[in-house]
Amino acid sequence: MAILTVRSLKKDFGIKAVLKDASFSVELGDRIGLIGTNGSGKSTLLKMLAGLEPMDAGELERNNGLRMIYLSQQPDLDDSRTIMEQILFDCGETPDSATAWEVEAQAQVMLGKLGIQDVNAPVAGLSGGYRKRIAIATALISEPDVLLMDEPTNHLDADSVEWLQSHLARYRGALMLVTHDRYFLDQVTNRILEIDQAELFPYSGNYSYYLEKKAEQEDSNQSSQRKFAGVLRRELEWLKKGPKARSTKQKARIGRIEDMREKEFRTGQGKVEISTVGRRIGKKVVALEGVTKAWGDRTVVNDFTYEFTPEDRIGIIGVNGAGKSTLMNIITGRLAPDSGKVDIGTTIEFGYFDQHSDDLKGTENMRVIDYLKTVAELVKTADGSVITASQMLERFLFNPNQQYAPIEKLSGGEKRRLFLLRVLLQAPNVLILDEPTNDLDVQTLSVLEEYLEDFKGAVFVVSHDRYFLDRTVDTIFALEEGGEIGRYPGNYSVYLEHRKAKNAAKLQAAKQQSKSSGAAVAPAAAVAEVVAPEKKARKVSFKEKREFEQLEVDIPKWEAEKAKVETQIYHNPPSGHSELQKLTDRLTELDRLIEQGTERWMVLSELM
């Protein structure tokens, strides 16, 4: 049953139509992913649903009493409050209310999962990433009927994204989200809405299902166009023979040919084309020797030595504030180390796609095409041809109206795409991509990934995006405690397997120690190495002991079933919607059982 219905929605910003005639409905339990290129109208659609952006035309029908929360990319928080005060205020609670303690308890747990421990810290001075975490926790605690989320994974580290992903899989209300994280999108959604050239297209399935059906449609469209072109050619040949248009039949045929010539096939979705050229790179890239950098009493890079090569594809990971951007700035010579040596090759030309698009600051009133012409008016492409700056902008999906509009008229994602184009036009041979997935749509990211495969030079990627790292890097540099930098061969998934194996080994060692000493060690402490406050031990009941033993049997069984259900959903989904829904519901139930069972196992383990 629909709880929200949209009919014939229209939106136009003048320089570009956003939605021409969009209609769809949302049911309780829907988890909808919005797909489309930057500037296609994804964020605008969320804002219209939330009542924050007016519609040019159309109807929006909601169930009576429907509760909806919109999570923006940049939440607006009150700097005069503490974190907990902000959450209580946004949840409609006062500190002395009867239910405030329950909200505080939920907030403590959720914020901890999202990497925030001090709930009484002031909001003032918090980074955008931490403000986003507070807004996410508030939205989840409020449990609205419809939750609208715009790039919820931006600025979250991998562990926080994993937790949010599993939590949303159990969310009881309806969910509509925009995200660049394709693993997240694939795991969380059960429906896709694609905005393509101001039209809306629905797909009943997750992101993998969407990709499969989209590919089939593209193949079908191309086949239809080829067949149509063949018919048209034959008809034109007949027409050129100069038949005498005397009979009604011949006149009708001539008329049909004219109609065919005027017919327009709907073109496929606009796709960014990256075809810029690089420049020659020598054998020497950058060599770091004994580099150390500290901010105050905190060391972020400690005695690091490494010689980078032209073939390097390196992913830089670490928690927020670990020093990833600091390391990049040292490598490029933007920042001097406290000690050590940085030697940059003479042929090196860096292309630095920083996460804040600093190059765009102060250009709001500049026309899009003029901004690009500051680099080049004529551009040599990878195939050797020369095109104008305007033609290159069209390949990056900027239509003529947008090219002559001021930059301030572009969406946040379009500004990032424009900045990316400017970086690539400088023909770098070393690319620094600092959080490249923030505000870039999944289509542009896919094309960028393909471009990097053929890029002749070194690539450094600072990112929390698991999919992008898996596609683009073959070595992980993990910034660890004390400024140490761990080096792990392989992509991000390989690194995660290594980390899981390491944690499992720690847990196993802790279990062996507990057996030999007769005292149990809490697995949470063994893995996370967190020292819990000392508690007075009590005797474990027979019932609790049996429960503990049963959980050790049940949790592996649930995990095995979960893997089996996920494989079926994502690689061999049933054709019927009801069967797919049953599997999705079972997956949600298994996630709940595993999480609750693991938490209970940890409590019982600690008691024993």
Side-chain angles (χ1 to χ4, degrees), residues 26-35 113 140 143 147 149 152-153 156 158-177 179 181-193 202-216 442 465-467 470 491-494 496-497 499-501 503-504 507 523 547 549-602:
V26 179
E27 297 185 4
L28 207 62
D30 276 345
R31 296 180 178 86
I32 302 171
L34 277 179
I35 297 287
K113 297 286 188 182
L140 296 178
E143 293 188 334
L147 178 54
M149 309 182 84
T153 64
L156 295 187
D159 290 337
S160 297
V161 171
E162 287 275 4
W163 175 82
L164 180 60
Q165 178 178 296
S166 64
H167 188 90
L168 290 178
R170 303 188 304 275
Y171 189 71
R172 288 177 290 184
L175 173 69
M176 184 178 288
L177 62 89
T179 181
D181 189 319
R182 283 153 287 178
Y183 282 150
F184 188 87
L185 188 65
D186 200 47
Q187 294 290 325
V188 171
T189 61
N190 56 20
R191 284 180 62 196
I192 296 292
L193 286 179
Y203 297 84
S204 297
N206 64 357
Y207 183 62
S208 294
Y209 178 85
Y210 156 79
L211 289 176
E212 181 181 339
K213 294 302 177 185
K214 186 69 175 176
E216 290 175 5
V442 294
D465 190 304
R466 302 159 294 174
Y467 190 100
D470 278 352
N491 62 14
Y492 186 68
S493 290
V494 173
L496 283 182
E497 289 301 318
R499 194 176 70 170
K500 286 178 183 177
N503 287 341
L507 181 58
E547 183 186 3
E549 292 170 349
Q550 187 61 45
L551 283 171
E552 289 204 313
V553 174
D554 288 341
I555 292 173
K557 284 171 57 179
W558 292 332
E559 289 176 336
E561 185 183 354
K562 177 186 174 185
K564 186 177 179 181
V565 172
E566 285 179 333
T567 299
Q568 187 172 358
I569 289 176
Y570 303 124
H571 299 289
N572 188 27
S575 55
H577 179 74
S578 59
E579 289 83 358
L580 181 61
Q581 189 61 51
K582 285 179 183 177
L583 287 174
T584 304
D585 291 343
R586 180 55 181 164
L587 185 60
T588 301
E589 175 66 10
L590 287 167
D591 278 327
R592 184 188 65 79
L593 288 170
I594 292 168
E595 183 173 13
Q596 291 182 354
T598 302
E599 289 177 357
R600 180 61 178 161
W601 183 89
M602 290 170 67

Legend entry - Lys564/Glu561 salt bridge by N-O under 4.0 Å criterion: no
Inset, instruction - For salt bridge (charged side-chain N to carboxylate O under 4.0 Å, His left out), just list the numbers for Glu216 and Lys213, CA-CA rounded to whole Å, side-chain angles, deciding distance to a tenth of an Å, and then say yes or no. - result: CA-CA 5 Å; Glu216 290 175 5; Lys213 294 302 177 185; 3.6 Å; yes
Inset, instruction - Return the set of residues passing salt bridge (charged side-chain N to carboxylate O under 4.0 Å, His left out) with Asp181 (not counting sequence neighbours), or none when no residue passes. - result: Arg466
Inset, instruction - Only counting residues at least two apart or in another chain, list the ones meeting side-chain contact (heavy atoms from CB on, under 4.5 Å) with Leu28. - result: Ile3
Legend entry - Between CG on residue Leu34 and OG1 on residue Thr179, distance to nearest 0.5 Å: 11.0 Å
Inset, instruction - Check whether any side-chain heavy atom of Lys214 sits under 4.5 Å from a side-chain heavy atom of Ile35, and report yes or no. - result: no
Inset, instruction - Check whether any side-chain heavy atom of Arg31 sits under 4.5 Å from a side-chain heavy atom of Leu168, and report yes or no. - result: no
Inset, instruction - Could you grab the distance from atom CG of Asp186 to atom CG of Leu211, nearest 0.5 Å is fine? - result: 8.0 Å
Inset, instruction - Flag the pair Leu164 / Leu140 as yes when at least one side-chain heavy-atom distance between them is below 4.5 Å, and no otherwise. - result: yes
Inset, instruction - Supply the atom-to-atom distance Asn491 CG to Glu497 CD, rounded to the nearest 0.5 angstrom. - result: 10.0 Å
Inset, instruction - Could you grab the distance from atom OH of Tyr171 to atom CD of Glu143, nearest 0.5 Å is fine? - result: 6.5 Å
Inset, instruction - Could you pull out all residues at least two apart from Phe184 that satisfy ring-ring contact (aromatic ring centres under 6.0 Å, His included)? - result: none
Legend entry - Residue list, side-chain contact (heavy atoms from CB on, under 4.5 Å) with Glu589, at least two apart or on another chain: Arg586, Arg592, Leu593
Inset, instruction - Sequence neighbours left out, what passes salt bridge (charged side-chain N to carboxylate O under 4.0 Å, His left out) with Lys557? Give chain and number order. - result: none
Legend entry - ring-ring contact (aromatic ring centres under 6.0 Å, His included) partners for Trp558, two or more places apart: none
